[in-house]
Structure formats: C-alpha cells, structure tokens
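Working notes, structure below.
Keep in mind that this is a model prediction, so the values were computed, not measured. Naming convention: chains lettered A, B, ... in sequence-line order (proteins, then strands); numbering from 1 in each chain.
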Amino acid sequence: MSVLSVKDLHVSVETEQGTKQILKGVNLEIKQGETHAIMGPNGSGKSTLAYTIAGHPKYHVESGSITLDGVEVLDMSIDERARAGLFLAMQYPVEIPGVKVADFLRTAKTALAGEAPALRPWIKEVNGAMKALRMDKAFSDRNVNEGFSGGEKKRNEILQLELLKPGFAILDETDSGLDVDALKIVSEGVNRAQEATGLGLLLITHYTRILRYIKPDFVHVFVDGRVAEQGGPELADRLENEGYDRFLTDTSVA
Amino acid sequence: MTVVTPEQHGLTAHSDGGWDASEKGFVPVQTRSARPQSFEHTDFAPVNGLEAEWKLTPVKLIKPLLDDALDGAPYAIDTEAPEGISVEWVARDDSRIASAGAPEERASANAWTNFEQALAITITGEEHSTVRISRAELGSTARAGHIVITARPHSNGTVIVESTGSALLSENVEVVVEEGATLNFVSVQDWADDAIHLASHFVQVGRSATLKHTIVSLGGKVVRVNPSVHLSGEGADGELYGLYFADAGQHLEQRVYLHHEAAQTRGRVSYKGALQGTGARTVWVGDVLIGPHAAGTDSYEQNRNLVLTEGTRADSIPNLEIETGDIQGAGHASATGRFDDEQLFYLQARGISESEARRLVVIGFLSEIVQKVGDEQLEARLHTAIEAELEGTIS
C-alpha cells in the first residue's frame, strides 16, 4: 500500500522582515485511499505544507522529510514529484495565456504517462470528465484559467485531478469561493476520482462545509506550524461548534 | 504642408517642458497630432540621433535611407488574389495616393520623394477575400517603396504582405478602410539577418468600418514599423496587434499611434515581444490620442515583453492624451519581465518538465497575438517560425 509520510518538517520563507519559520515540526502519514482533513486558522501554515509537498521554490525546508513509499520527495524537482504521483489542486490557479486547456491537458498527460495518449479515447475521456463537472465543451478551447470565474478555476483543477489520476492529491482550500451548487459538483468530482483510483487525499480547509460532501477519515488541527490535535470526523464537528479559539489561547497570537 | 523648422524638430535639448518658450519664440509640439508633416525629404532636417523620434534607433545603420537618393522602381512580388480583386503598380498621380496620411519624419519623406510607382491593392465585394503578397528579392539596393491598400465601402478582406530575403528599404504604406468595410491587414517582416527596413503605415478607418492591423517582426537587422491609425469615421473600430521576437544583434522597433478622431470609436492596441541573446533590442512606443470630437471613445493599449536571456534591452513607452471628458474608457499598460515563476510552477506541478514548461509559456505568450491573425495558413506558419526562434535558447 502506498504511503505519503511527512516527518518533523520545518519550513521557512524569506520575507522583507527576514526569514520566517512557518512549519515547526509537522508529522503526518497518509495511506492510499484515506482522506485527511487539515483544518486551522489563517496563517497556521496549512497552505505552506501543501506547496512544500508540491515543491514550490519559495519555501525552504530547514529539516525533516517527506517520503512517498520510502523515497525522499524533497530530492525531486517539481515535475518529478508530479510524475511520482503527487497532485496539488491550487487555491489560486494561475492563468497561462495562449495555452489552450485541451493542449495543456494532453501535454500534462503525456508528461505523466511518458507517451501521448491515444487521441480518440482521450478526447472521449476529457469530454466525459468535463460533462460530469458540468463544464461547457467550449471550455477546452479557452486558454488555461484565463478569464475563468473562481468556480471555473476550481472545476478545472478537479478536471485535472480526474484525468491525471495521481496517487495522492492535496486540495488547497478548494472550497473557498464556491457556492453550494459548485461545491457539490466539485466534491462529487473528488469522490469520483477517489473511487476510481483509490487516491489518498489531503484536504486543506478553513471551514467544515466541504466535509459534508467529502468525508474525512482523519482530521488534523493545524496551529502555529504544527499539528495541535488530531482525531476522527467528530473533531470537525467540534470545530464547527467551537471554532479555533480553544487552540489559539494556548499559543501566542500577536 | 507645414514647413519644418529645426527648432520644432527636437534639435534643442531639454525643450520638453517648454519653460523657455516665450524667450525662444517657439512652443514645442504639445500634442501627438501636431507633428509637422511633409512629403518632401528636404523639409526634414538631417538626423543626428538625438531627436525624440530617433534616439532609440541605431541611426548609423540606416543612414542611406535617411539621406541618399533611393531606387523607387517596382520590385518583384508574388501575388495570390482572387479574381476581381485588383493588385497593380500605379503612377504617383493615382488618386488613391496621399489619401491616408503624410510623412512625419525624414526616412518616410525620403521614401515618398523617391518612389516611382506604388503597389495598389483594392478590395471590393461583401464576400470575404484574401490577398497574399510576398516579396523576397529586394536585395541590398537602397530602395523606396509605396503600398496603398483601399477597402471599398462594405467590402470584406484580408491583405497579407510577407517580406523575406535581404533588403535596404524605406517605405510608406497607406491603408484606407472606407465606410462599413472590414479589413484585416497583416504585415510580416521575416527578413534575412542583414535586412534594414523602415516603414510608416498611414491608416484611415471610416464610418462604421472595422480594421484589424497586425505587425509581425521576426527577422532583419533593423526593422522599424510605425503604424499611425486614425479612427476618423463615427463608430470606427481599430484593433492593432504586434508580435516581435528579437535575437542577438537584432533591433525591432514599433511606434504605434492610435488617433480617436470621431465619436463612438473603439480602439485596442496589444503588442507582445520576446527577446533573447546579447544585444537583442526592441522598442515599443504607443501613443493614443483621444481628440476633442471623440466622445464615447473606448480605448485600451498594452505592451508586454518577455525577456528570455541576459544582455537584452526592451524599451516600452505608452502615452495617452485625452482631449475630451466624455469617454467610455481609456487605459494603458506596459510590463517587461522574465518568466512568471508561478506559471512555470503550475505547469511543472502537472508533470511537465521545466524546459517544456518554459517553451509552453513563451509560445503561449506570443500565441495570444498569433490567435488574432485570423488566417489559418499564416497562423500555422507563424507558430512554426516561433518554435524555430525558440530552439536556440530553450533546450
């Protein structure tokens, strides 16, 4: 069984005020097919964890390790991580002017598979996935994320999740900015992907509402750069009622 | 025609503010439409390279076109045009000549003074037609050229002029889009490495007429193409696009002037360039003038440059003058920078290698303009040409 393991991870970023420690010893283990929710207040380091796993150059790993089936992920380049089976659905997907969605998807699939997918079945698969996410066909002719609404950007991320079939996916605040209908459509897409491929999920969210549609097996509460508490789905219910205040009083909040 | 005096032509340093105008007895040109114009070469003072008009241009390399007598005879062209569309060489006294504008600088006036015949293309008919002109054998003789394109009322056409091979050419291109006509004009400069080409495009867009004007400059030692587009009829629409890719030692320049003259006109200017290799140099100047009668104007101009290597220089100078308060909107933007790291991260996070991601970003960046060309055959060729340009740097 495939395992993504984060051990004693310390991460910093350079800011105008100097080096800032963000992650201060994160431990986490996700097995294939499991869904983990990472919840926490703004600024607690949730997104930093997501981008560090994906390999964003802005984040410096001071110590610790991230392994995928025992292989050190931190030694891999960004694209090698993707080819090893990691996927990050971004909170703010960037626009790529002049690159059409259809061409982008095919290029990514080719890069991941090592060979171009056979054209006709691929187009059928893309169209099917787009239909399931209630995306118009004209979408594939548009430039990646250019002029997309917030909801369209998120659907486009989940479209890639379904088509690229990673082993582990990190969803960074995929629920933010979505109305309830869009949230359901996107959540269904995530659940479909998990059923189809048994992927491991790391769901990063500030709110509990996406957890109504994507059921977590484990919930980790992130505070000040580390996991402050963990438990089962019942922990999310408690956060829903109590908020994060309980955790914040224990730490120094400036 | 206004007589040009040296003082008005920027010979005096630091005259921009006009603070000493009363002492000196002259006022510098204040607005874009007030530049002196003349068809006569001798009306323009010799160029020393310090003039605002010329200071970003390698003046030494273009001396013959500024000062010498030029060969104004017709040259060899290949023409592809549907029946009924006229493409012909005409004499200087043809009524279509001087219908769109007049030179505002010395090289343009020199071409006007010296050309013997003009290549005249006239589009008629409401069904869309495409005219392709290619020229490849201009050689190293210093030449004067003149092209005049006329889109008759309610006609619909595409005119593509493609230039390859060596050249030492100064030319004027006149374009008149008459009432209700739709014209798509594309000028492709894919010259040989030693070519020097200076061009002024004078364009009039009439009432309810639509113009798409695209400049693509890829090859040549010095290529300077300056379109002046006048939205002179009510409801005229002008989209001005540009695409350039400068390699080591190339100078690619474009000075764009969009003049909203009449009411309810819409203008869009978008120029994108890439630079790679030591000494790659580009210049973009974008002047937009919204005149006193141009109520309801909707205008936007932008220039973006992507710097691929060290040792390049891109000048990008947007100017916006507004002479009426009653407009819908006017804006401008300019940005010159290296790769967007977030774009590269996004693509790499999907498994695409760094070199392939860079290639995609550059091609995508320039494709935005290619997508506007509106001629599949040419678009495909431009994609191939851009891929070829890139092969040098990104591996």
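- Of all the heavy atoms in B:F345 and A:A54, the pair that sits closest is CZ-CB, 3.9 Å.
- Only the side chain of A:P57 comes within less than 4.5 Å of a heavy atom in chain B; its backbone stays farther off.
- Within residues 121-138 of chain A, no residue has any heavy atom less than 4.5 Å from a heavy atom of chain B.
- Only the backbone of B:F365 comes within less than 4.5 Å of a heavy atom in chain A; its side chain stays farther off.
- Nearest heavy-atom pair, A:A82 versus B:A349, reported as atom, atom and distance to 0.1 Å: CB-O, 3.4 Å.
- Residue contact with chain B, scored on non-hydrogen atoms closer than 4.5 Å, is absent for A:A113.
- Considering only heavy atoms from C-beta on, A:F104 comes within 4.5 Å of B:L347 through its side chain.
- Looking at A:L164, the atoms closer than 4.5 Å to chain B (heavy atoms on both sides) all sit in the side chain, from C-beta outward.
- Pairing each heavy atom of B:G351 with each of A:A111, the nearest pair is O-CB, 3.2 Å.
- Take A:H36 and apply the ring pair (Phe, Tyr, Trp, His ring centres under 6.0 Å) test, not counting sequence neighbours, and it matches A:F218, A:H220.
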Report the donor-acceptor contacts between chain A and chain B below 3.5 Å as a table, one pair per row.
residue: A:H56; atom: NE2; partner: B:E342; partner atom: OE1; Å: 3.2
residue: A:H56; atom: NE2; partner: B:E342; partner atom: OE2; Å: 2.9
residue: A:D79; atom: OD1; partner: B:Q348; partner atom: NE2; Å: 3.3
residue: A:R83; atom: NH1; partner: B:G351; partner atom: O; Å: 2.9
residue: A:L88; atom: O; partner: B:R350; partner atom: NH1; Å: 2.8
residue: A:L88; atom: O; partner: B:R350; partner atom: NH2; Å: 2.9
residue: A:E95; atom: O; partner: B:Q343; partner atom: NE2; Å: 3.1
residue: A:N145; atom: ND2; partner: B:Y346; partner atom: OH; Å: 3.4
residue: A:E157; atom: OE1; partner: B:R350; partner atom: NH2; Å: 2.7
residue: A:E157; atom: OE2; partner: B:Y346; partner atom: OH; Å: 2.4
residue: A:Q160; atom: OE1; partner: B:R350; partner atom: NE; Å: 2.4
residue: A:Q160; atom: NE2; partner: B:Y346; partner atom: OH; Å: 3.0

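- Scanning for side chain to side chain donor-acceptor pair (under 3.5 Å) contacts around A:K7 gives A:S5, with sequence neighbours left out.
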